[in-house]
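Reading through the structure tokens given below for one structure.
Quantities reported herein were computed from a predicted structural model and do not represent experimental measurements. Here is the naming used below: chain letters follow the sequence lines, and residue numbers restart at 1 for every chain.
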Amino acid sequence: MSELSKQFKFQDVEDKWLEYWQKNNVFHGAANPQKKSFSVVIPPPNVTGILHMGHALNNTLQDILVRYKRMQGFETCWMAGTDHAGIATQNVVERELAKEKKTRHDIGREELLKRLWAWKDQYGDTIINQLKKIGASCDWPRTRFTMDQEYSQAVQEVFIRLHQKGLIYRGEYIINWCPRCQTALSDEEAEHQEHQGNLYHIRYPLQKPLNGREWIVVATTRPETMLGDTAVAVNPTDERYKDLIGQKLILPLMNREIPIIADDFVDPQFGTGMVKVTPAHDPNDFQMGRRHGLSFVNVMHPDGRMNDLAGEFSGMDRFEARENIIERLRESQQLEKVEAHVHSVGHCYRCHTVVEPYLSKQWFVRMKPLAEPALRVVQEGKIKFYPERWTKVYTNWMENIRDWCISRQIWWGHRIPAWYCAEGDAGREKCQEPIISKDRPVKCLQCGCTTFRQDDDVLDTWFSSWLWPFATFGWPEKTKDLEYFYPTKSLFTASEIIFFWVARMIMAGLEFMDDVPFSEVYIHGTVRDSKGRKMSKSLGNAIDPLEIINEYGADALRFSLIINSGQDLFISKEKFEIGRNFANKIWNASRLILLNVPEGNQIIDLKKDVDVRQLDLPSRWIISRFFTTLKNVEQAIEGYRFSEAETLIQDFFWGNFCDWYLEISKNKFTDSSVQKVALGILQQSVGMIHPFMPFVTEELWQHVGGKDQRCLASSSWPKSETSLINAVVEQDMQALMDVVAVGRNIKMNWNIKLQQEIECQFATEDERHVKLLEENMNMLKSLLRINTFSIANYFTKNQDSAVGVVGRIKFLIPLGNLIDVQKEKQRILQDIQEQKKHLTGLSARLENQDFVKKAPPDIVEKDQVRLKTLTIKIKELEEVVQNLG
RNA sequence: GGACCCGUAGCUCAGUUGGUUAGAGCGUUUCCUUGACAUGGAAAAGGUCACAAGUUCGAGUCUUGUCGGGUCCACCA
């Protein structure tokens, strides 16, 4: 058998296996009626994306499940791809353009698109290649892009269908406007953050003084919008202002006459109880404007500068205008006061500029009809969230859903399939409604004109992402793959994406496929640094997964990320040692076995190829432990408890197999049954660990997996053999391990070297224990270095021995003149005291009639047994003290 | 304003439906290079389970409140 290096050199194997898996098409899945299907779609990263820890976590989780299912024999497809990420990508290319001192308007739409596609061709695969490095077993040849030809067809189809159903409309409303990106955003794309601002109290003079009042005071956080005020509102029930309703005010700085109106919306408690109404710059004011037939005065350019309707402030940036307006009001004594005021301000999720509520004509999706079925499938349990609490977040959003603004004033994206005829553009009343069509219309049915202009806007990126689970399989065509792989099984994502993507995919799936897009949604945490801050490039606290792969290996990255994953993950570089060390441990355990097992082995079936009844206790024990672990690992994976699965694996492989079984077996490798068991457990373990650490296991499989085997990635998951789980064996072995541990403790206590041989005397009243000790004395000898031993029923009086007690097994280790009798006595007396404390508690509980009567009988019985054992133990310890003299 | 999560060893976290003397990894201390591995082995120290009240025979676990930390939602002029 080939020699392994002393350490696992991940550098030597990772690329080799990536290439092998790829070449042999191991990750490809295709419609196969003979097998059950298992499919997952990747959350498509932005084409502009660079792999960060969040991606690494997200994709490792998916990969564990996908590899596990593939090994279990499912026909597996993990759909890969990227998202065109409209605003983000356009921003990147526009920044490049800016270096040439040009804007997109200088070069025009077509030229910009050319550059965008060129950028995509050059850099678009970056993240895909990075994902491959972590071992993600996606069906890579299928890799889709949300602006692929076929995918775009699906997007247009969806737009047209929804429009036909009356679920898409166009209209003038207040939307979130990013003055920097110069586009509309959806409500989800405006991130609200608490902001320490001011509440400005401003005097608006009455046209005619009334009841001694010359002015009224309004409070606002955005004084610049006052230039577009067309009314001031009070609550109709507010006694203070009843007489003012219907009066006129003179808008300061603009000298425009505006009315005082009454509206229920106004909260008399807030501010002064009088609200300035700016219908073109605030969603509430917009509603009031509609209710009261006010005019809509837009005072801002799309780039956030004040426009011609802003009078003397025209041309100023909105925040500059704010300063100037306040200054002017102060000068004219119309600024009554300024209060500090914390309120939340929306920011563009792409460039973090403060968004402006802005009046403009946009396209919207009517959401209520789509939300209702999507809500139902979750309530009925057809889709489950893990952890379950996210159900509530989802439900809450769905129940309060608002219409979705889907048009964007950028150029990178799916152009809206709406066409305007020349007559309509010229103002012809009947031709105002656009024609919805994939292709340019031939003739306007209203006026007969043949000149058309396509809508300039493109669709929100998420308007294509929400089709991902079926558009990637060829929808609207009824492809075999679509039929076979839809619906998918699981979706893995972070909580921020629930509204953007998860919720909308569910709506789209139900609307267009008449079925849920997936049945289980796993929400994982956010990766943070060791101080709990979100990892970000700008903070400079990000740990680059690729750097970790270079330094510690991909397996280490994967294993360490998952085992640390709780709600959020707090990551520092040292944490990746966990995975590196474990990979190395697996490697070296294999090395030990390979050095001792002859070449040419087959895969060992621990049930058929080994007769368990012939095996010694440690072998039966490790087999039982393996199948216990396997069962628990399976349950953990199925329950999306991946970190638990890894803990189970590590406990078994390191804590049981390496620390005990291999230690015991080291000197017994001449025994062919030991060879078989050690190799068999190793083979099965390597399979069990593969979904978590694909590289080291695949490499080892070539050495331990026998001849002519398929690669591990396409092999079978270990077969569960619960009949080989044996609780009695596990208990017996545990007792012997405890003896060893207590014995080592004694040695350590008395400064006896671990490898120094000792004598031992055992005492136990239980015949079974006597047998157990005698049969396994060889094992104890090798682990405790027992020289001679005897088994007695009673200890004779001794002056020179340390004593250990494990359950009902008691043992003496003669120490000769090494022992300090007083010290040993002291130690035991202390132990007795400790035990007595527990005894007191236990007997108090058992004397409590309420406990005896009300607690379940098995619990009471357990405690009674415990009491008995403890009593004997104390008695024996006291005996020992007496014997010490 | 509403909803949610977290608080267990110096650090990061486990702790199933309430039921032994609350666990692990890292870190710390002591010992050990004997051919699988020092990316290793052995042993040890370290906890009033944030606090308070309640339910219960029994609470880290359930309820309520308090304090501390975090997240999300909302038409917060």
Side-chain angles (χ1 to χ4, degrees), chain A residues 4 6-8 174 192 194 199-200 218-222 225 233 265-267 270-278 282-287 341-344 357 387 389-390 392-393 396-397 400 402 495-496 498-499 526 528 530 532 552 556 563-572 574-575 577-596 641 643-644 647 650-651 655 658-659 662-663 666 740-741 744-749 751 753-755 834-835 837-838 841-842 845 848-856 858-860 862-863 865-867 869-870:
Chain A
L4 300 185
K6 203 170 166 184
Q7 286 181 349
F8 169 50
I174 299 272
H192 289 270
E194 290 276 284
L199 194 56
Y200 300 92
V218 297
T220 178
T221 52
R222 294 188 296 149
T225 63
F265 164 76
V266 181
D267 174 5
F270 192 94
T272 61
M274 301 200 95
V275 189
K276 60 189 269 314
V277 183
T278 322
D282 183 281
N284 298 314
D285 296 6
F286 176 79
Q287 296 298 338
H341 180 67
V342 177
H343 61 133
S344 117
R389 68 187 136 89
W390 294 107
K392 204 165 174 180
V393 174
N396 185 46
W397 187 74
N400 299 293
R402 287 178 292 164
S495 58
E496 303 97 271
I498 295 176
F499 307 142
T526 308
R528 300 172 181 280
S530 53
Y552 298 87
I563 204 160
N564 273 299
S565 59
Q567 294 205 84
D568 278 351
L569 293 74
F570 298 85
I571 296 294
S572 58
E574 306 80 62
K575 290 234 162 139
E577 288 173 9
I578 297 170
R580 180 199 60 181
N581 295 356
F582 186 46
N584 193 56
K585 192 72 185 178
I586 301 169
W587 184 261
N588 272 291
S590 308
R591 202 156 85 97
L592 172 66
I593 291 166
L594 291 173
L595 286 169
N596 288 285
R641 300 187 308 271
S643 110
E644 184 185 323
T647 307
Q650 205 182 23
D651 283 353
C658 294
D659 287 351
L662 292 182
E663 281 307 319
K666 254 182 191 172
V740 172
R744 285 170 174 169
N745 186 348
I746 289 171
K747 279 185 160 180
M748 195 78 178
N749 250 329
N751 293 318
K753 300 232 177 209
L754 211 57
Q755 54 279 53
E834 192 76 8
Q835 303 302 327
K837 239 195 281 172
H838 300 310
L842 206 53
R845 194 185 314 162
N848 181 347
Q849 283 310 301
D850 279 337
F851 173 68
V852 181
K853 262 187 277 174
K854 291 182 185 168
D858 58 312
I859 297 289
V860 178
K862 255 194 217 165
D863 273 358
V865 172
R866 211 177 300 145
L867 182 80
T869 319
L870 204 53

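Between A/Asn564 and A/Val740, the one whose closest nucleotide on RNA chain B sits nearer the 5' end is A/Asn564. When each of A/Met748 and A/Ile859 is assigned the nucleotide of RNA chain B bearing its nearest heavy atom, the one mapping closer to the 5' terminus is A/Ile859.
Put simply, A/Asn400 has no side-chain N or O that comes within less than 4.0 Å of OP1 or OP2 on B/C73. Under 4.0 angstrom from either OP1 or OP2 of B/U39 there lies no side-chain N or O belonging to A/Arg580. Listed pair A/Arg389 / B/A3 fails the phosphate criterion, with no side-chain N or O lying under 4.0 Å from OP1 or OP2. For the pair A/Arg528 and B/G69, the criterion of a side-chain N or O lying under 4.0 Å from OP1 or OP2 is not met. Contact between the side-chain N/O atoms of A/Asn581 and the OP1/OP2 oxygens of B/G40 is found at a separation under 4.0 Å. Under 4.0 angstrom from either OP1 or OP2 of B/C4 there lies at least one side-chain N or O belonging to A/Lys392.
On a pure distance criterion of 3.5 Å, a polar donor-acceptor pair joins the side chain of A/Glu663 and the base of B/A36. For a distance-only test at 3.5 Å, the side chain of A/Lys585 qualifies as a donor-acceptor partner of the base of B/C37.
Consecutive Watson-Crick or G-U pairing (both distances under 3.5 Å) extending over three or more pairs maps onto RNA chain B as B:1-7 with B:67-73, B:10-13 with B:23-26, B:28-32 with B:40-44, B:50-54 with B:62-66.
When atom types are taken as modelled, the side chain of A/Asn588 and the backbone of A/Gln7 share no donor-acceptor pair closer than 3.5 angstrom. A distance-only check finds no donor-acceptor pair linking the side chain of A/Lys747 to the backbone of A/Gln755 [under 3.5 Å].
The gap from the C1' atom of B/C4 to that of B/A44 amounts to 42 Å, rounded to the nearest Å. Atom P of B/G69 sits at a distance of 31 Å from the matching atom of B/U28, rounded to the whole Å.
Using a 4.5 Å heavy-atom threshold, the side chains of A/Asp282 and A/Ile174 count as separate. Two residues are said to be in side-chain contact when any heavy atoms from C-beta on lie closer than 4.5 Å; A/Trp390 and A/Ile498 meet this criterion.
Partners of A/Phe582 according to the ring pair (Phe, Tyr, Trp, His ring centres under 6.0 Å) rule, which considers only residues two or more places apart in sequence or in another chain, are A/Phe559. A/His341 is linked by a side-chain hydrogen bond (donor to acceptor under 3.5 Å, both in side chains) to nothing, counting only residues two or more places apart in sequence or in another chain.
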